[in-house]
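Worksheet: the structure to be examined is printed underneath.
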Amino acid sequence: MLRCMANNRTLTMIKPDAIAQGNVGPIIKKITNSGFKIVALKLTQLSPERAAEFYAVHKGKKFYEELVTFMISGPVIAAVLEKKNAVDDFRALIGTTVDAAQGTIRNLYASSVTKNAIHGSDSNENAVIESEFYFNKDEIIDY
Ligand code: UDP
Ligand code: MG
């Protein structure tokens, strides 16, 4: 288990659409301006197998194939973010899956329900699992 994950870290992915559209800079600026500290970061390409593993909970849903195809269409930027109440505050910053509120990252940068620019963990437990999916312990910085 990663150090101090309990209530203060979340895992994000900047998705392939946002990278392809040149929105990485504005998205990272919004994240850091909102009080999140980047403690791990990498640009990486998911294989079909790795994307299927990340989204295993959605296997069988009608959007699953489209989601996996999208998530392997280009690189993603994975990051671990630190802030008090990180999971809930980050979900608020990115906006809901459908009809994201004005000013949220998805409202600003999503082009569809699938191509929605960014991921955020939905619980502290999944934040740990998803952080360990992308990063070894020695790749996460203790400031
Ligand atoms: N998604 C989709 N169609 C849907 C619901 C979700 O294509 O009807 C995609 C979208 O990219 C979303 C991801 O699948 O971010 C994971 O879905 P989830 O319900 O976990 O939404 P999230 O937690 O990302 O808001
Ligand atoms: Mg989710």
Side-chain angles (χ1 to χ4, degrees), residues 1-137 139-141:
M1 177 101 99
L2 298 167
R3 187 200 68 102
C4 292
M5 284 292 287
N7 190 33
N8 66 352
R9 285 182 179 171
T10 192
L11 183 284
T12 190
M13 298 180 286
I14 301 177
K15 296 187 181 183
D17 59 324
I19 295 176
Q21 291 168 33
N23 292 326
V24 171
I27 288 171
I28 290 180
K29 183 172 182 178
K30 202 160 168 57
I31 291 169
T32 54
N33 281 351
S34 301
F36 292 89
K37 184 183 286 185
I38 297 168
V39 297
L41 183 74
K42 72 170 66 161
L43 176 72
T44 186
Q45 172 70 51
L46 287 170
S47 66
E49 295 74 21
R50 291 262 298 163
E53 183 186 344
F54 190 91
Y55 283 116
V57 66
H58 294 305
K59 194 171 167 65
K61 294 183 185 170
K62 64 181 189 314
F63 62 84
Y64 173 78
E65 304 293 343
E66 183 184 4
L67 172 61
V68 170
T69 299
F70 162 57
M71 290 300 294
I72 65 173
S73 67
V76 300
I77 292 171
V80 180
L81 304 174
E82 194 167 272
K83 181 182 185 294
K84 189 173 157 234
N85 201 35
V87 166
D88 290 344
D89 285 4
F90 195 70
R91 295 283 294 191
L93 179 66
I94 71 177
T96 48
T97 319
V98 178
D99 293 332
Q102 277 291 320
T104 60
I105 292 174
R106 285 173 168 173
N107 171 255
L108 291 168
Y109 301 112
S111 43
S112 71
V113 174
T114 302
K115 296 178 179 175
N116 62 358
I118 195 154
H119 168 85
S121 305
D122 65 3
S123 67
N124 292 321
E125 182 189 7
N126 283 333
V128 174
I129 292 167
E130 292 173 358
S131 295
E132 291 179 347
F133 178 90
Y134 278 108
F135 299 100
N136 297 318
K137 287 178 176 58
E139 294 176 307
I140 300 178
I141 302 299

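Whatever order the structure lists them in is the order used to number ligands and atoms, beginning at 1. These numbers were taken from a predicted model, which means no experiment stands behind them.
Around ligand 1 you find K15, Y55, H58, F63, L67, R91, T97, R106, V113, T114, N116, each with a heavy-atom distance below 4.0 Å.
Geometrically, K42 engages F135 in a cation-pi contact defined by less than 6.0 Å to the ring centre and at most 45° from the axis.
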Legend entry - Residue pair F90, F36: steps toward the ring-ring contact (aromatic ring centres under 6.0 Å, His included) verdict: CA-CA 8 Å; F90 195 70; F36 292 89; 5.2 Å; yes

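Aromatic pair F54/F133: centroids less than 6.0 angstrom apart.
Checking side-chain atoms of N126 against main-chain N and O of D122 turns up no donor-acceptor pair under 3.5 Å. Not one N or O on the side chain of T114 forms a donor-acceptor pair closer than 3.5 Å with the backbone of L67.
Residues passing the salt bridge (charged side-chain N to carboxylate O under 4.0 Å, His left out) test with K30, sequence neighbours excluded: none.
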